[in-house]
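One structure is given here, and the rest of the page talks about it.
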Amino acid sequence: MSNLGITPQSESFSEWYNDLVVKADMADHSAVRGCMVIKPHGYAIWELMQRALDDMFKDSGHVNAYFPLFVPKSFLSREAAHVEGFAKECAVVTHYRLINDPDGVGVVVDPEAKLEEELIIRPTSETVIWNTYKKWIQSYRDLPILINQWANVVRWEMRTRLFLRTAEFLWQEGHTAHATYGEAEEEALLILDIYRRFAEEWMAVPVLTGVKSENEKFAGADHTYCIEAMVQDRRCVQAGTSHHLGQNFAKAFDVKFQSQEGKEEYVYATSWGVSTRLIGTLIMAHSDDRGLILPPRLAPIQVVFVPIGRDEETRTKTYACADRLADALRHLSWHGSRIRTKVDKRDKESPGFKFNDWELRGACLRVEIGPRDLEAGTCVVVRRDLGEKVTVPLDGFAAHAEAELASMQGALLERARGFRDAHTYRIDNWAEFQALFTGEGSGGFAVAHWDGTAETEEKIAELTKATIRCIPMTPLAPGDDEPGTCVLTGKPSARRVVFAKAY
RNA sequence: CGGGAUGUGGCUCAGCUUGGUAGAGCGCUGCGUUCGGGACGCAGAGGUCGGAGGUUCAAAUCCUCUCAUCCCGACCA
């Protein structure tokens, strides 16, 4: 069995990832640097993610809206910390018209068509939205506002990777307005918990929840909550963030409301988002050298049938059998949606080719139906994460398939959790800390004491490339939240924090 | 934005040193045989050699510039 031209993980994790994304037909590089084409197979995963998250947002009282792509430059000057965080990576629109090149062929920018005020392509929408909220909010009766939008944003990144960091990406951004600090805090934590549940229950990716250090928090936030996942090269991915913005944007955009007591106060805000980066995280968390391994709840194809027959007559029978089984599955509801199936009737491809192809594309269960099965009244079922062929009677097939999907969903989460826990270390001396982040096959989560200063954080990053991923919400192990001494400086530390190399 | 590498049919690459009619494998199209872990035969189609200048009788090949991609750093969801 070949690896189908995918660089093995053991040889180079990053090449493995690049090969896989392209060969599994998820995405392609585009004509524009740093941008990508999300192909149907990759987009199908995004659609499933969107649907799940959108339901959770709606269930918790949020509504969707849409705000414009363009941000007047002046908006970005309003909140100093915020603009500093994004200024270096903004795309700017300066003109609004092209003309035929007077000196030759093609078109050139019309110098006459210069915009009076340049427009920034949104790197995030806080400023546009808060400029709007100012018009919407007068009284405490207008609050809270709980709006989400699904959109694209642009951050002009120097170094990009498909799904993990692209110049343009798709995401959702929630923007809420509240009367009190406490209510905004509750909102930020509510969303954080939605993100955690989505990661674990849908993506089968266990995540740490925590607070970002001052260095790592969102520019413009009072504080930032995050979910952090470990992937198979033991590096850490920030998979989602939820910000308590305090009154920063309300002050920058002068958004006040009259309280029940008649007092004028600034509004409290949150913002929160997850992006197509989740797809990259999903791939890196579970997949192997043979291709994608997707958790059933997010797999575009959950059960694929490969009917086998060397002659027309056998083929007719195996096709009919596969259609019948697929149809039965489609009428079953699993986690609230129909089971997604496919009967692979491509007659130019051999069964062996199809086996490899569907492993590459991450179908969860593959069902082989050949002449031998027809005689015996069975089919052969192979689960993508286990790879073993199991002969199953046609009679109990649907129940078997459903049980296997459920079991696979759980198994992936457990495996990922086991992997993460096996690479999470409590480290109390500097030599050990450095050793963890040095050399081949190194890495993981270092749960260590830190003296709380930005200088120490930066020094550690400089020496090891590891950064503080989060200050956990709850201790990962008993004692983690007790005082100790900083792993680098030996100064007092209030509690342990999590260090890792990050994407 | 620095350092390195690479741009030649859809894909992977050879040809470039030493200038002289653009090649291979895979894929693609047609027909036939195949079909339980990437099948085979025969016949076909497909390329302004990333782009622009220059040198030359002649440029994929030499020179200059430019664009893009990948890897490694600095920056970031």
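Everything quoted here is computed from the prediction, not taken from an experiment. Labels below follow one simple rule: chain letters A, B, ... track the order of the sequence lines, proteins then strands, and each chain is numbered from 1.
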For [N], what is the paired nucleotide under Watson-Crick or G-U wobble rules, both distances under 3.5 Å?
N      : answer
B:rG47 : none
B:rG41 : B:rC31
B:rU69 : B:rA5
B:rA77 : none
B:rC26 : B:rG10
B:rA60 : none

With rounding to the closest Å, how many angstrom separate the [atom1] atoms on [N] and [M]?
N      : M      : atom1 : value
B:rG51 : B:rG10 : P     : 13 Å
B:rU64 : B:rC42 : P     : 47 Å
B:rA39 : B:rA22 : P     : 36 Å
B:rU69 : B:rU33 : P     : 48 Å
B:rU17 : B:rU34 : C1'   : 48 Å
B:rG47 : B:rA60 : C1'   : 11 Å
B:rG30 : B:rG46 : C1'   : 15 Å
B:rA68 : B:rG15 : P     : 27 Å

Nearest-nucleotide comparison on RNA chain B, the residue closer to the 5′ end among A:Gly352 and A:Trp171: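 Comparing both residues, the 5'-ward one is A:Gly352.
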On RNA chain B, does the nearest nucleotide to A:Tyr503 precede the nearest nucleotide to A:Lys354 from the 5' side, or the other way round? Give the residue.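 Nearest nucleotide further toward 5': that of A:Lys354.
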Pairwise distance CZ(A:Phe163) to CG(A:Leu282) - rounded to 0.5 angstrom: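 Going from the CZ atom of A:Phe163 to the CG atom of A:Leu282 covers 10.0 Å.
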Rounded to the nearest 0.5 Å, how far does OG1 of A:Thr166 lie from CZ of A:Arg277?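 That separation rounds to 9.5 Å.
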Aromatic ring proximity, centroids under 6.0 angstrom, [Y] and [X]:
X        : Y        : answer
A:Phe499 : A:Phe437 : no
A:His223 : A:Tyr225 : yes
A:Phe67  : A:His175 : no
A:His62  : A:Trp272 : yes

Counting any heavy atom closer than 4.0 Å, what does [X] reach on the DNA or RNA strands: base, sugar-phosphate only, or nothing?
X        : result
A:Glu368 : base
A:Gln238 : sugar-phosphate
A:Gly34  : sugar-phosphate
A:Phe86  : nothing
A:Lys465 : sugar-phosphate
A:Gly309 : base
A:Arg366 : base
A:Thr241 : nothing
A:Thr391 : nothing
A:Asn18  : sugar-phosphate
A:Lys389 : base

Please check if the number of heavy atoms outside A:Lys459 that lie under 6.0 Å from its NZ is greater than 12.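 Count not over threshold, so no.
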What is the distance, to the nearest angstrom, from the [atom1] atom on [X] to the [atom2] atom on [N]?
X        : N      : atom1 : atom2 : result
A:Glu89  : B:rA77 : CD    : C1'   : 9 Å
A:Asp25  : B:rG10 : CG    : C1'   : 13 Å
A:Lys23  : B:rC11 : NZ    : P     : 13 Å
A:Asp347 : B:rC31 : CG    : P     : 11 Å
A:Arg161 : B:rU69 : CZ    : C1'   : 14 Å
A:Phe355 : B:rA39 : CZ    : P     : 11 Å
A:Glu349 : B:rC40 : CD    : P     : 13 Å
A:Asp19  : B:rC11 : CG    : C1'   : 13 Å

Taking OP1 and OP2 of B:rG73, is either one under 4.0 Å from a side-chain nitrogen or oxygen of A:Arg159?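 Indeed, a polar side-chain atom of A:Arg159 lies that close.
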Which nucleotide wins on minimum distance to the side chain of [X], given the candidates [options]?
X        : options                : answer
A:Val380 : B:rC75, B:rC72, B:rG36 : B:rG36
A:Arg155 : B:rA77, B:rG36, B:rG73 : B:rA77
A:His29  : B:rG37, B:rU69, B:rA77 : B:rU69

Assess, by modelled atom type and distance only, whether the side chains of A:Glu173 and A:Ser271 contain a donor and an acceptor separated by less than 3.5 Å.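 Distance-only check fails for A:Glu173 and A:Ser271.
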Looking at B:rG36, does its base get a donor-acceptor pair with the side chain of A:Arg310 below 3.5 Å?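 Answer no: no donor N or O sits under 3.5 Å from an acceptor.
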